[in-house]
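In what follows, chains are A, B, ... by sequence order, proteins preceding strands, each numbered from 1.
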There are 2 protein chains.
Amino acid sequence: MAKQGTRATTIDDIAKKANVSKATVSKVINGYSGINEKTRQAVLKVMREYNYWPNTTARSLSMQQSYLVGLFMASELNNSFFREVIPGIEKTLGAQGYDILYFADKRPGNTGVSFGYLEKCRDRRVDGAIFLSYIRDELAEFEPILASDIPTVFVDMTLEGPLTSYVISDNYKSAKLAVEYLHSLGHRKIGYADGGTKSVPAEKRYQGLMDTVRDLGMECRPEWIFQYSFDEEYGYDVVNKLQQLDEWPTAVVAQDNVAIGMIRALREIGKSVPDDLSIVGFDDIEISSHYNLTTVRQQKYEMGVAASKLLMKIILNHKASKPKLMDTELIIRGSCKPIT
Amino acid sequence: MAKQGTRATTIDDIAKKANVSKATVSKVINGYSGINEKTRQAVLKVMREYNYWPNTTARSLSMQQSYLVGLFMASELNNSFFREVIPGIEKTLGAQGYDILYFADKRPGNTGVSFGYLEKCRDRRVDGAIFLSYIRDELAEFEPILASDIPTVFVDMTLEGPLTSYVISDNYKSAKLAVEYLHSLGHRKIGYADGGTKSVPAEKRYQGLMDTVRDLGMECRPEWIFQYSFDEEYGYDVVNKLQQLDEWPTAVVAQDNVAIGMIRALREIGKSVPDDLSIVGFDDIEISSHYNLTTVRQQKYEMGVAASKLLMKIILNHKASKPKLMDTELIIRGSCKPIT
DNA sequence: TCAATCTCGGAAACCGGTTTCGATGTCTTG
DNA sequence: CAAGACATCGAAACCGGTTTCCGAGATTGA
């Protein structure tokens with residue numbers, strides 16, 4: 001090995017140069033008391049002089065903590081929800097000195113076997129983990145990590161059980177807001193298109209929708225209800241199915257991606273939103289404004305911030321913290337028309 | 001400390017249970033030769049039985065490598081380019097057992113001072129680093145890490161100097177494709193709106209555009225050239241400035257975000273793309289298809305893959321590898337009209 | 001002045017792995 | 001049957017930090 005010169009300076013080097021033991025240097029690094037101010041300054045001076053920075057790997061090993069947080073998400077980055085939540089997480093945790101380990105999906109390990117979340121977390125000695133938007137199907141996989149002592153926060157999902165911490169939007173209210181708005185415009189026949197009930201948020205929205213429709217004396221026929229998926233394609237499917245019906249609802253409440261798919265599909269068959277159908281979306285994803293879609297916004301960035309704060313609290317207290325319900329807000333654009 | 005039971009199993013535990021030394025277990029883990037098949041199987045059995053996974057932190061410390069790659073990007077995640085590049089990186093590096101440390105921007109460290117990239121990399125002992133889309137202004141900050149022995153790959157940017165490895169699209173060709181296409185439609189008066197020359201890709205595109213315009217005998221007046229920024233707002237600005245001109249170009253070549261801003265701005269003043277103006281974009285970002293924008297696509301996912309492969313090669317060889325120029329491709333949609 | 005206390009710093013164990021090198025036992029070969 | 005070659009395994013050092021605990025000096029109080 002030639003490149004001896006580039007070897008990073010270690011705590012031993014500093015100790016030697018400063019004529020103290022590495023224990024002393026360590027105490028200076030960590031700001032412990034019991035070190036004479038004079039020697040502290042001397043050590044600090046040598047550290048600066050050699051541009052010394054302690055090896056985080058070694059430190060993680062002995063301290064059993066890493067200042068690392070695992071960020072797991074159900075699908076890939078290329079999801080409009082994640083894009084906005086993650087910056088909130090990154091900013092907040094970063095400000096506290098945490099770095100983020102980024103896992104967009106379950107990957108095979110060296111053995112070819114998929115990592116469990118717990119293994120991955122233990123493996124890297126993360127101080128905590130944040131999970132984004134997993135659905136019910138996958139819940140069983142969280143049992144090991146929940147049974148462990150690794151601080152964990154869920155975002156946009158909930159798990160049954162007393163000890164989970166999560167951040168989630170008030171999806172019930174979102175649906176209520178959407179329906180009430182449509183009601184105020186005179187709509188009485190409401191359709192619904194959203195993800196299936198495997199998704200906790202979609203399920204809550206469904207409940208909110210049905211309850212509000214009932215309370216306001218509106219109509220929502222079973223054939224106007226579409227619960228399957230969150231993507232644009234599904235919006236096309238929904239429009240296809242609608243076409244086979246004798247009577248349409250006058251308005252549809254749909255997750256934004258689905259709503260946009262519907263708008264496109266309707267355009268292609270010569271129908272217009274809002275003239276032929278009013279639509280209210282859920283989420284307010286980035287492209288929604290491009291479609292002039294009226295939608296109920298989730299505070300995505302703020303959810304990232306809230307999740308991070310929650311996680312840090314758990315890391316400190318070592319017990320699950322209160323879940324946080326985020327408020328939602330109706331963003332009125334141009335995809336709804338009053339019924340005259 | 002109560003929770004003794006949850007302590008992860010260590011290599012010592014396995015060694016004890018299998019009646020061998022930890023050296024032997026280590027050799028089995030790493031697949032070294034010199035271990036009898038029978039004992040190997042015995043050790044593997046115990047490992048499986050205890051669901052053992054070696055501690056990466058400890059391993060990093062002694063092997064002097066971390067299986068960690070730092071991913072740095074100039075702005076926030078919420079950038080359409082990153083969204084597509086990152087999955088390519090994640091998949092490729094993940095398949096090789098690397099995890100990704102995610103840095104969306106420069107954050108203050110414990111001391112309140114901004115981390116340099118080199119410090120951050122040394123700190124976490126990353127095996128390599130990937131930088132996305134930084135501009136000329138920031139280049140000086142890369143000197144320390146380039147002078148170090150940390151393998152580094154740049155994406156969508158280049159640095160002067162003989163030893164840098166990078167992956168970048170053939171932006172010159174992109175502009176050429178765009179202009180040639182417009183020429184084939186009969187256009188002779190071409191406008192241009194893109195980022196400023198601080199961005200290497202934008203600069204190359206400008207060159208490609210000007211060269212091709214000249215070679216084909218087309219016209220591109222100075223007042224039709226807008227070089228400032230990559231966002232939608234700027235598209236509005238461009239349209240504003242165009243309105244003050246006596247004569248417009250018949251077609252504009254613009255980065256996708258700018259192009260979309262222009263399309264929206266034109267709509268708002270009652271003009272249509274492509275009827276009143278043809279537009280060809282650069283990049284093919286996600287929403288481009290929503291605007292039916294004809295554009296020159298960058299292979300973003302593939303760039304992520306290429307960058308990862310390049311990086312792994314450098315990690316192995318410990319010397320800079322050949323830069324990789326990615327091909328681009330014209331995606332014809334509906335934002336251009338023939339000139340009759 | 002002497003004991004008790006306090007301050008400060010260091011030796012050594014530890015975190016959980018990897019790697020070197022020597023010891024032991026087995027197998028060939030002459 | 002003795003000697004050399006080979007296969008297999010383990011003891012111990014090492015990676016670069018943290019932390020416990022103890023001892024030496026300095027300080028204080030009676």
Side-chain angles (χ1 to χ4, degrees), chain A residues 1 4 6-44 46-47 50-68 110 119 121-127, chain B residues 1 4 6-44 46-47 50-68 97 110 122-125 127:
Chain A
M1 289 279 99
Q4 186 71 11
T6 62
R7 195 184 115 269
T9 48
T10 73
I11 198 173
D12 283 298
D13 300 333
I14 301 301
K16 203 160 294 171
K17 297 295 176 187
N19 273 321
V20 295
S21 72
K22 51 193 270 195
T24 302
V25 177
S26 174
K27 287 169 190 165
V28 170
I29 292 171
N30 293 288
Y32 292 166
S33 60
I35 299 289
N36 188 314
E37 187 56 26
K38 228 167 80 184
T39 55
R40 161 190 304 283
Q41 288 304 333
V43 170
L44 283 174
V46 177
M47 283 172 54
Y50 284 79
N51 210 335
Y52 169 74
W53 201 266
N55 179 328
T56 309
T57 304
R59 166 182 280 206
S60 299
L61 182 59
S62 81
M63 304 219 306
Q64 305 279 52
Q65 68 152 286
S66 58
Y67 276 93
L68 226 44
N110 299 334
E119 283 71 30
C121 287
R122 282 227 194 288
D123 183 42
R124 288 288 182 189
R125 290 292 187 273
V126 302
D127 293 347
Chain B
M1 290 274 99
Q4 186 72 10
T6 62
R7 194 184 119 268
T9 49
T10 72
I11 198 173
D12 284 298
D13 301 332
I14 301 300
K16 202 159 296 172
K17 296 296 176 187
N19 272 321
V20 294
S21 72
K22 50 193 270 194
T24 302
V25 177
S26 175
K27 287 169 192 166
V28 170
I29 291 171
N30 292 288
Y32 292 165
S33 61
I35 299 290
N36 188 315
E37 186 56 26
K38 228 168 78 184
T39 55
R40 161 188 305 284
Q41 289 304 334
V43 170
L44 283 175
V46 177
M47 282 171 56
Y50 283 79
N51 211 333
Y52 169 75
W53 201 267
N55 178 327
T56 308
T57 304
R59 166 181 279 207
S60 298
L61 182 59
S62 80
M63 304 221 306
Q64 304 279 54
Q65 64 154 286
S66 58
Y67 277 94
L68 227 44
N110 301 334
R122 281 225 194 290
D123 183 43
R124 289 287 182 188
R125 291 295 189 271
D127 293 347

Using the 3.5 Å cut-off, write out each protein N or O paired with an N or O of nucleotides 23-27 of chain D and the distance between them.
none

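D/dG16 atom P lies 19 Å from atom CD of A/Gln64, rounded to whole Å. Counting to the nearest Å, the P atom of C/dT18 and the CG atom of B/Leu61 are 11 Å from each other.
For B/Tyr67, the ring pair (Phe, Tyr, Trp, His ring centres under 6.0 Å) partners are B/Tyr98, not counting sequence neighbours. For B/Tyr32, the side-chain contact (heavy atoms from CB on, under 4.5 Å) test picks out B/Lys27, B/Asn30, with sequence neighbours left out. In this structure A/Ala58 satisfies the side-chain contact (heavy atoms from CB on, under 4.5 Å) test together with A/Asn55, B/Leu61, sequence neighbours excluded.
Comparing A/Thr39 and B/Met63 along DNA chain C, the residue whose closest nucleotide (by nearest heavy atom) sits nearer the 5' end is A/Thr39.
Distance from the side chain of B/Ile11 is smallest to C/dT18 among C/dT18, D/dT18, D/dG16.
Between the axis at the start and the axis at the end of the helix from C/dT1-D/dA30 to C/dG30-D/dC1 there is an angle of 50°, using five pairs per end and rounding to 10 degrees.
In this structure, CE on B/Met63 lies 9.5 Å from OG1 on B/Thr56, to the nearest 0.5 angstrom.
Note on B/Asn30: a side-chain N or O is less than 4.0 Å away from OP1 or OP2 of C/dT18. Look at A/Thr24 and you'll find a side-chain N or O under 4.0 angstrom from OP1 or OP2 of C/dG10. The phosphate of D/dC9 (OP1 or OP2) has no side-chain N or O of B/Tyr32 nearer than 4.0 angstrom. Contact annotation: A/Ser26 does not reach the phosphate of D/dG17 (side-chain N/O to OP1 or OP2, under 4.0 Å).
Nucleic acid contact class of A/Arg125 (heavy atoms, under 4.0 Å, all strands): sugar-phosphate only. Residue B/Ile35 is classed as a sugar-phosphate contact, given heavy-atom separations below 4.0 Å to backbone atoms only.
Residues from residues 15-23 of chain A with heavy atoms under 4.0 angstrom of DNA chain C, sorted by number: A/Asn19, A/Val20, A/Ser21, A/Ala23.
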